[in-house]
Amino acid sequence: MADTPGFFGRLANPTFFLKLSGAVLPWLTGLTVILMLVGLYLVFFFAPPDYQQGETVKIMFIHAPSAWLAMMGYSIVTIASIGSLIWRHPMADVAAKAALPIGACFTLLALITGSLWGKPMWGTYWVWDARLTSVLILFFLYLGLMALWQAIEEPSRAGRAAAILAIVGSVNLPIIKFSVDWWHTLHQPASLTRLDAPAIHPSILIPLLVMMVAFTALFFVLHLTAMRTEVLRRRVQALRLTQVDAARAGEGARA
Amino acid sequence: MNALLDLGQHAGFIWAAYGATVIVLAGLITWIRADARHQLRLLEELEAQGVQRRSARAGSPKANKQRARRS
Amino acid sequence: MHAFIRLVARDVRLTLREGGAVSTALGFYLVVVAILPLGLGPDLNLLSRIAPGVLWVALLLAALLSVERIFHNDLEDGTLEVIALGPLPLELVAAAKALAHWISIGLPLVIAAPILALLLNLPANAFWILLLTMVTGTPAISFLGSVGAALTLGLRRGGLLLALLVLPLYVPVLVFGISAMNAVITGPASFLSSYLILCALTLATVVLAPIAAAAALRLSLA
């Protein structure tokens, strides 16, 4: 065990994790609610319509955070997978597994809101351009990882199998992005980079940043909660095993 | 309230996007909370039955590891 | 190295002797390629335009059918454990088995591709390119498939899961294989740049995939 008695080493103790996350969660939840309300207020009453995109720019305030969380979620899964494979950190498996459905939901949201934004702007719900295609494949990777977790019953084996797949996928994702990007150089898609430019007006930038932080906070609230549930689930499984053992021992004694 | 009502010709798409977000996130939150409660209840039931982790002779390797660390 | 070659030869011999795997893959390839024109209509111009994509996608699916068997039979009869205990590191075992899959399934599919291309009215100048890109790209398909096969080894409904895990990973090979062919058929992009990237993808996959596959195999053998 590479457990130095540092923070991550102490975090390996599920009881310590439960205590710490239990203390943090209420504050984080409150922060999320406040940020969401402030963000939505700013979006609907403060942000002006874009001079080119009109009011549809409002979709950006949920689309960009979703897309960011889709990527961040997969980064968390990858880092946790490396932690699980190399250091065998007990919470790494839990973190990777708990992040999957949340990341998948935000990826789905990025796809849905993106296509609802694309219809009025580009005239079509879907374009096979680099970004959309690579996000779609990211979604498939999430689904594959969840299916793998579900297919293998023993948690430690499932964790390591999923970790291997997650790392293979993380190597592949940039290649996919780059390959599809390169593939479509002929018809350059309408990209969002214009909005990412530093020239972006503060009246749009501030609501966007607030929404980004709010969504990220929401992600971590959900992630921590799901991780706690996962710890509890493993305890329940362990208790059931001891129950079965005890019952067997009792039968053995009687026989 | 003016800004809310006047979202231009594409209001339908904007509301659909926000609606989809609310539905997906509400579903996710509900599911995560329900799962959390479910596991908590299972754990309480088992503990009420007097099943103890530490006194266990054998369990999953994971549980043993946890036990070893705690003691 | 001797043990490596012997393992490859053994696997190829077993697959060929069994026969079923190769003919099933070939038959599936033929059926998929033949059924698409029935769905799309017999417009030869359309068919020749989409021929590279159809041939590649159908080849992926046909290869995928047999990928599951790379480790499966050897796990069932216990051979895999014996091989794992042998002198060869597990990474090389995985590589040998993926290579054997490529020789016994991948190559026959590649050889069948130009014949099926006739059905799709592929332009005449593209036949050699078709062979070249497929010979280059199919090792990546076998090696990536071996990772999926190792991960799903011994699972119920492993085959369906395997497809879900592996198909997204095939995208770069598919994209560059097709774009190299389209560069020749329709221009104006350069064939060489796509083709070299396809080579790079295959080389990287051949080196990296056995490491992942071996890590996954250790889970099943432990």
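By convention in this document, chain letters (A, B, ...) are assigned in the order of the sequence lines, proteins followed by strands, and residues within each chain are numbered from 1.
- Residues B:Tyr18 and A:Val43 meet the side-chain proximity criterion, which asks for heavy atoms closer than 4.5 Å.
- Interface check for chain B: of the options A:Ala98, A:Ser66, A:Cys105, A:Gly114, the most heavy-atom pairs under 4.5 Å are formed by A:Cys105.
- Side chains of A:Arg235 and A:Thr15: a donor-acceptor N/O pair is present below 3.5 angstrom, by distance only.
- Within the 4.5 angstrom heavy-atom criterion, no atom of A:Phe219 approaches chain B.
- For a residue to count as touching a neighbouring chain, one of its non-hydrogen atoms must lie under 4.5 Å from one of that chain's; by this rule B:Gln49 touches chain A with the side chain only.
- Interface remark: of the candidates A:Leu222, A:Val221, A:Ile112, A:Leu108, A:Leu222 forms the most heavy-atom pairs closer than 4.5 Å to chain B.
- The closest side-chain heavy-atom distance from A:Trp68 to A:Thr216 is below 4.5 Å.
- No more than 12 heavy-atom neighbours from other residues, nucleotides or ligands sit within 6.0 angstrom of CZ on B:Arg37.
- Chain B forms more heavy-atom pairs under 4.5 Å with one residue of A:Glu230, A:Arg233, A:Arg240, A:Gln237 than with any other, namely A:Arg233.
- Between chain B and the residues A:Leu40, A:Leu218, A:Leu109, A:Ile102, the largest count of heavy-atom pairs under 4.5 Å involves A:Leu109.
- B:Asp35 and A:Thr229 share no donor-acceptor pair across their side chains, judged by distance under 3.5 Å alone.
- If you tally non-hydrogen atom pairs under 4.5 Å between each of A:Ile62, A:Thr113, A:Val244 and chain B, the highest count goes to A:Ile62.
- Contacts between A:Phe106 and chain B at a heavy-atom distance below 4.5 Å involve the side chain alone, from C-beta outward.
- Using a 4.5 Å cut-off on side-chain heavy atoms (C-beta onward), A:Arg248 and A:Asp245 make contact.
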